[in-house]
Amino acid sequence: PGIVTTDIVGADGYSATDYTNTFGGTSSATPLVSGVIALMLEANPNLSYRDVMDILARTAEHNDPTDAGWTVNGAGLRVNHKYGFGAIDARAAVTAALTHNSLGPLASRSTSIVRVNRTIPDSTPGGVVSSVTTNVQLNLEHVELVLNASHQNRGDLAITLISPSGTRSVMTQARTQDFGNDYTNWVFTTTRNWGERSDGTWTVEIADLLTGTTGSFNDFQLRFHGTELPLSLSITPGSVAENAGAGAATGTVTRGGGVSLAQPLVVTLTSNDTSEATVPATVTIPAGAASVTFPIRAIDDTLSDGTQR
């Protein structure tokens, strides 16, 4: 089945009637989605490409609801390896576009490279598991897995990424017709973590599901793309006497409302004008705490414009 559309005239088309109802696949889906996005931009010309993706993910129709592949990610969005977030819903997408709050600036962070260096046992579903814990706090859009694995038949390998929320992203399944060797700085990308938080423990599973050769899981790195979770900054008092020195004022950085306190958060501080005030390079909000207070050294007479995030 497909959509109903005009056809190439005559016998060269799908049907001699010059119309068809069998036009499908990506050739059909791409112009259809493009048309819906055009309607969204007509409703709200200020939408960025990231805003468009966010709206489409959040307004998608839950198609084929009995399919076993559906799950709910840590942000409450339905996701499916076959259907993504679901079928596009033009009315819902355009309606959401009218009142959509634009996403903040895109932020990208990464973990250090995790050295694994373990043999992947042949024809063993359990495979090799390696994890990394990060304090990076982003509201996620895309997650990238940069992988290095040695294997004479990389098609033997099934690779899965598991988020702190428990969302599983199958990066690749075993493939009998892929006879290439190795994954060298291979970048896999998933959107299944859309709206989740990045902080916590991430796990990579690699299993060799076909008999014949063995390989090794060498290392990996995760790259996170999304928006910074909101922080607030307060200064007490707002101004002090010139050259008041160390301890003349304090600043307090507070996590955004409703965010998890499970992980410590390292916050980078800068000063617009170090001739007026200096602050520590970084402060850490401890696990379990919503805020941290730090000293400000006053060199001149005004603090409010000299302390930044």
Side-chain angles (χ1 to χ4, degrees), residues 1-103 106 139-144 155 158-161 163 167-178 187-196 225-226:
I3 66 168
V4 176
T5 184
T6 54
D7 193 10
I8 296 176
V9 175
D12 291 333
Y14 287 99
S15 168
T17 64
D18 301 338
Y19 297 91
T20 180
N21 61 359
T22 61
F23 184 54
T26 54
S27 296
S28 166
T30 300
L32 189 151
V33 173
S34 298
V36 173
I37 293 173
L39 293 174
M40 294 167 63
L41 293 173
E42 183 178 24
N44 184 352
N46 295 319
L47 296 177
S48 69
Y49 76 94
R50 293 169 51 230
D51 293 323
V52 169
M53 288 190 291
D54 189 55
I55 291 171
L56 293 180
R58 296 180 186 279
T59 61
E61 178 186 348
H62 186 202
N63 61 304
D64 195 6
T66 61
D67 183 81
W70 284 108
T71 188
V72 177
N73 75 3
L77 296 176
R78 295 188 182 96
V79 287
N80 187 302
H81 280 106
K82 289 188 291 187
Y83 298 122
F85 296 96
I88 193 168
D89 186 327
R91 182 187 295 275
V94 173
T95 300
L98 291 169
T99 58
H100 181 73
N101 292 321
S102 295
L103 297 174
L106 180 64
N139 190 48
L140 289 171
E141 296 168 25
H142 295 81
V143 179
E144 294 177 326
I159 303 168
T160 303
L161 176 66
S163 77
T167 303
R168 300 177 65 89
S169 295
V170 176
M171 299 307 209
T172 181
Q173 298 175 317
R175 303 167 312 284
T176 58
Q177 298 303 309
D178 184 353
V187 181
F188 297 94
T189 305
T190 179
T191 59
R192 284 171 61 86
N193 308 113
W194 196 279
E196 293 185 352
H225 306 283

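Each residue takes its place number in the sequence, starting with 1.
- Although no hydrogens or angles enter the test, the distance criterion places a donor-acceptor pair under 3.5 Å between the side chain of D7 and the main chain of Y14.
- Between the S48 side chain and the D51 main chain, a donor and an acceptor come within less than 3.5 Å of each other.
- From T59, atom OG1 reaches atom CD1 of I55 across 7.0 Å, with rounding to the nearest 0.5 Å.
- Proximity of N63 to N80: side-chain heavy atoms (C-beta onward) are nowhere separated by under 4.5 Å.
- Under the 4.5 Å side-chain criterion, counting only non-hydrogen atoms from C-beta, Y19 is in contact with T6.
- The CG atom of N73 lies 8.0 Å from the CZ atom of R192; values are rounded to the nearest 0.5 Å.
- Note that the CE atom of M40 and the CG atom of L47 stand 6.0 Å from one another [nearest 0.5 Å].
- Pairing each heavy atom of L161 with each of M171, the nearest pair is CD2-CE, 3.7 Å.
- Y83 and D64 share a donor-acceptor pair across their side chains, judged by distance under 3.5 Å alone.
- The shortest non-hydrogen separation linking K82 to D67 is NZ-OD1, 2.5 Å.
- By the 6.0 Å contact criterion, CZ on R175 is enclosed, its count of non-hydrogen atoms from other residues, nucleotides or ligands being greater than 12.
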Run the numbers on M53 and T191 for side-chain contact (heavy atoms from CB on, under 4.5 Å), then give the verdict. CA-CA 10 Å; M53 288 190 291; T191 59; over 6 Å; no
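- Residues I88 and L56 form a side-chain contact, since some pair of their non-hydrogen atoms from C-beta on lies under 4.5 Å apart.
- Residues forming a ring pair (Phe, Tyr, Trp, His ring centres under 6.0 Å) with H142 (at least two apart in sequence, or on another chain): W194.
- The shortest distance between side-chain heavy atoms of T71 and R168 does not fall below 4.5 Å.
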Give the C-alpha distance, both sets of side-chain angles, the deciding distance and a yes or no for side-chain contact (heavy atoms from CB on, under 4.5 Å) between N193 and S169. CA-CA 8 Å; N193 308 113; S169 295; 4.1 Å; yes
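- The distance from atom CZ of F23 to atom CG of L32, rounded to the nearest 0.5 Å, is 10.0 Å.
- Taking 4.5 Å as the limit, some side-chain heavy atom of L77 sits within range of a side-chain heavy atom of F85.
- Counting all heavy atoms, side chain and backbone alike, E196 lies closest to S163 at OE1-OG, 3.0 Å.
- Note: H81 NE2 to T190 OG1 = 6.5 Å, rounded to the nearest 0.5 Å.
- To the nearest 0.5 Å, atom CZ of residue F188 and atom OG1 of residue T160 are 10.5 Å apart.
- Residue pairs satisfying the side chain to side chain donor-acceptor pair (under 3.5 Å) criterion with at least one member in residues 34-47, sequence neighbours excluded, are absent.
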